[in-house]
Amino acid sequence: QVQLVESGGGLVQAGGSLRLSCVASGRTFSRYNMGWFRQAPGKEREFVAAITWSGGNTYYPDSVKGRFTISRDNAKNTVYLQMNSLKPEDTAVYYCAANPRTYYSSSPVSYDYWGQGTQVTVSS
């Protein structure tokens, strides 16, 4: 069992930056591939970034590639999402999630554990 708690969301102007953090409970954090997703009102949950258990590989969709960076610190049981050059269309609730499978995935169904989410609002 893994419990995840996100923080770092807020209101920012377009072009600004935010860094989200997600702290995991439990001793097995380093075994999980981790991901960030977002969901805007009336839209489906969308993949934002993923990182393998070792931190050796990262994945992004084209919509955030070059602007967002996922990283992790296994000693601190924490995964981060650095978001730069934010746009109004990045406005959403952001969730971190843990994937216990051995492969990377951009699908929410591969993630068994979810945080409660943190709101990110980008004003134009």
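- Between the S124 side chain and the P88 main chain, no donor and acceptor come within less than 3.5 Å of each other.
- You'll find the side chain of T91 reaches within 4.5 Å of the side chain of Q119, heavy atoms only.
- Interatomic distance, CD of Q82 versus CD1 of I70, reported as 12.5 Å (0.5 Å rounding).
- A continuous path of ILVMFWY side-chain contacts below 4.5 Å connects V122 to V64, so both sit in one hydrophobic cluster.
- E6 contributes a side-chain N or O that, together with a main-chain N or O of C96, makes up a donor-acceptor pair within less than 3.5 Å.
- Residues W36 and V93 do not share a hydrophobic cluster, clusters being chains of Ile/Leu/Val/Met/Phe/Trp/Tyr side chains in contact below 4.5 Å.
- Side-chain contact between Y32 and V2 is present, with at least one heavy-atom pair separated by less than 4.5 Å.
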task: Please lay out, stage by stage, how S21 and K76 fare under the test side-chain contact (heavy atoms from CB on, under 4.5 Å).
output: CA-CA 11 Å; S21 299; K76 295 182 178 180; over 6 Å; no

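- In this structure, R72 satisfies the cation-pi test against F29, with its NZ or CZ atom closer than 6.0 Å to the six-membered ring centre and inside 45 degrees of the ring normal.
- A distance of 11.5 Å separates OG of S71 from CE of M34, quoted to the nearest 0.5 Å.
- Grouping the Ile, Leu, Val, Met, Phe, Trp and Tyr side chains by contacts below 4.5 angstrom, directly or via other members, places W114 with Y104.
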- request: Begin from the C-alpha positions of K87 and D90 and carry the test salt bridge (charged side-chain N to carboxylate O under 4.0 Å, His left out) through to its verdict.
  value: CA-CA 5 Å; K87 305 175 181 180; D90 294 319; over 6 Å; no

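- Looking only at distances, no side-chain donor or acceptor of D73 sits under 3.5 Å from a matching main-chain atom of T78.
- Taking every heavy atom of both residues into account, S105 and A50 meet most closely at O-CB, 4.3 Å.
- Across every non-hydrogen atom of S17 and N84, the tightest pair is OG-OD1, 2.9 Å.
- At a threshold of 4.5 Å between non-hydrogen side-chain atoms, the residues R38 and L81 do not count as touching.
- Counting only heavy atoms from C-beta outward, the side chains of V120 and M83 approach each other to under 4.5 Å.
- Tracing side-chain contacts under 4.5 Å through hydrophobic residues (I, L, V, M, F, W, Y), one reaches V48 starting from L20; they form part of the same cluster.
- A distance of 14.0 Å separates OG of S106 from OH of Y60, quoted to the nearest 0.5 Å.
- Enclosure of atom CD in Q3 is not indicated, since only 12 or fewer non-hydrogen atoms of other residues, nucleotides or ligands lie within 6.0 angstrom.
- Residues Y111 and Y95 place their aromatic rings such that the two centres sit no closer than 6.0 Å.
- Looking at heavy atoms from C-beta onward, N99 lies out of side-chain contact with W53 at the 4.5 angstrom threshold.
- Closest approach of Q116 to L4, counting heavy atoms only: OE1-O, 3.6 Å.
- Clustering ILVMFWY residues whenever any of their side-chain heavy atoms sit less than 4.5 angstrom apart, transitively, puts V12 in the very cluster that holds Y94.
- Residues Y103 and N33 fail the side-chain proximity criterion, which asks for heavy atoms closer than 4.5 Å.
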From CA spacing to verdict: side-chain contact (heavy atoms from CB on, under 4.5 Å), E89, S63: CA-CA 10 Å; E89 51 263 44; S63 58; over 6 Å; no

message: Determine whether R101 and D112 satisfy the following criterion, side-chain contact (heavy atoms from CB on, under 4.5 Å), listing intermediate values before the conclusion.
response: CA-CA 9 Å; R101 294 155 183 80; D112 290 359; 3.2 Å; yes

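- No more than 12 heavy atoms of other residues, nucleotides or ligands shown are found within 6.0 angstrom of CZ on R31.
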message: Let's go through Y80 and R19 carefully: what are the C-alpha distance in whole Å and the side-chain angles of both, what is the deciding distance for side-chain contact (heavy atoms from CB on, under 4.5 Å) to 0.1 Å, and is it a yes or a no?
response: CA-CA 7 Å; Y80 305 97; R19 188 175 84 153; 3.7 Å; yes

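- Listed here is the closest heavy atom pair of Y59 and F47: O-CZ, 3.7 Å.
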